[in-house]
Amino acid sequence: MEYLTLNNGTRMPLVGFGTFMLGGEACTNAVAAAIRGGYRMIDTAEAYGNEKEVGEGIRQSGIDRRELFLVTKVNFKSYEHAEQTVLQSLADLQTDYLDLLLLHWPFANYYAAWRGLEKLYADGKVRAIGVSNFEPDQLLDLIAYHKIVPAVDQIESNPCFQQPQAVAFCQKEGIVPEAWGPLGKGKDLGEPLLLELAAKYEKTPAQIVLRWHLQRGLTVIPKSVHPERQRQNLDVWDFTLEEADMEKMCTLDTGKSKRGYPAEFRFDGGM
Ligand code: NDP
């Protein structure tokens, strides 16, 4: 596994394992298999409702907790809610610290939410704090009025929705841009250009896409329940896309998000 260093000195793996829409035994098995297969970063969220299963997968993997980089996300409901939720996440994940805690969406009073995250960081419950789905202007605002600059902004980025301006803004501010839905939820993988590049580099379309993200300076958290795909998605270190091919990838950008707001993302009041 390769690592980068966040703006507070914490080391973070470049490739992690996503767990959105995973639940029950399938989630536990997928997480355990991913860790046994070499993943060291696991991405979950309070909103996914699967932290217990993720925690169980981590336990079953048998890997020392200190070798892992655990990421979860919290949504704002009240200042107190952030702390209570994170304590529950720690219990469910069977750990006493998180490596990275993200504010999931820039909804409601994200100033208060960020202060809650800053406190958890000061208390040593989390090794780094960051945000998710923040646009550059929201990031600018957050940075201007708070002590801690987010370490990461986890944003949607994939071949058909690349978000070059958001990526460039993060990089200018020393914030690591991380791609969620890096494979376009699997829907982008049949693009003719990806098939052409896959043939040229003797890799799969998914490997081409993940390598492209890494060369743009993003970290990635692909999700797969299939051990062979999990393996493929980690095996992206032994080739480099030529500059001309990196430029060709820009032609796939439609500027259209694949984002939806599933029920579990909706607030039930208290905003
Ligand atoms: P991805 O872009 O990771 O795509 C996952 C889909 O691609 C699945 O259908 C999977 O199918 C398929 N797939 C995975 N690997 C391959 C491969 N090698 N070849 C072909 N198909 C493949 O989408 P996600 O939405 O899961 O995003 C990744 C992670 O990002 C999430 O799991 C979650 O942790 C995070 N996320 C964060 C959000 C946020 O708001 N911060 C929002 C959404 C996601 P199969 O499982 O059958 O292999």
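By convention here, the first residue in the shown sequence is residue 1. First listed ligand is number 1; within each ligand, the first listed atom is number 1.
- Here Gln207 has no heavy atoms under 4.0 Å from ligand 1, in either its backbone or its side chain.
- Neither the backbone nor the side chain of Glu156 comes within contact range of ligand 1; no heavy atom lies under 4.0 Å.
- The atoms of ligand 1 that sit less than 4.0 Å from any heavy atom of Val225 are 45 (P), 46 (O), 47 (O), 48 (O).
- Heavy atoms of Asn133 found under 4.0 angstrom from ligand 1 belong exclusively to the side chain.
- Residue contacts with ligand 1 for Gln232 involve side-chain atoms from C-beta outward but no N, CA, C or O (heavy atoms, distance under 4.0 Å).
- Residue contacts with ligand 1 for Ser224 involve both N, CA, C or O and side-chain atoms from C-beta outward (heavy atoms, distance under 4.0 Å).
- Contact check on Glu242 versus Lys200 returns a salt bridge, with a Lys/Arg side-chain nitrogen under 4.0 Å from an Asp/Glu carboxylate oxygen.
- In this structure, Thr19 has a heavy atom closer than 4.0 Å to ligand 1.
- Shown here are the side chain to side chain contact (heavy atoms under 4.5 Å, CB included) partners of Pro136, two or more places apart in sequence or in another chain: Ala166, Phe169.
- Contact annotation: for Asn233 versus ligand 1, heavy atoms closer than 4.0 Å belong to the side chain alone.
- Considering backbone and side-chain N/O of Trp105, none are found under 3.5 Å from N/O of ligand 1.
- Residue contacts with ligand 1: Lys187 is excluded, as none of its non-hydrogen atoms falls under 4.0 Å.
- Between Tyr48 and ligand 1 there is a heavy-atom distance shorter than 4.0 Å.
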Contacts table for residues 186-198: side-chain donor-acceptor under 3.5 angstrom, sequence neighbours left out:
residue : atom : partner : partner atom : Å
Asp188  : OD1  : Lys258  : NZ           : 2.8
Asp188  : OD2  : Cys160  : N            : 3.2
Asp188  : OD2  : Lys258  : NZ           : 3.4

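- In this structure, Asp99 pairs ionically with Arg65, as a charged nitrogen and a carboxylate oxygen lie closer than 4.0 Å.
- Tracing side-chain contacts under 4.5 Å through hydrophobic residues (I, L, V, M, F, W, Y), one never reaches Met1 starting from Leu218; they form parts of separate clusters.
- Residue contacts with ligand 1: Pro182 is placed with a nitrogen or oxygen under 3.5 Å of a nitrogen or oxygen of the ligand (distance criterion only).
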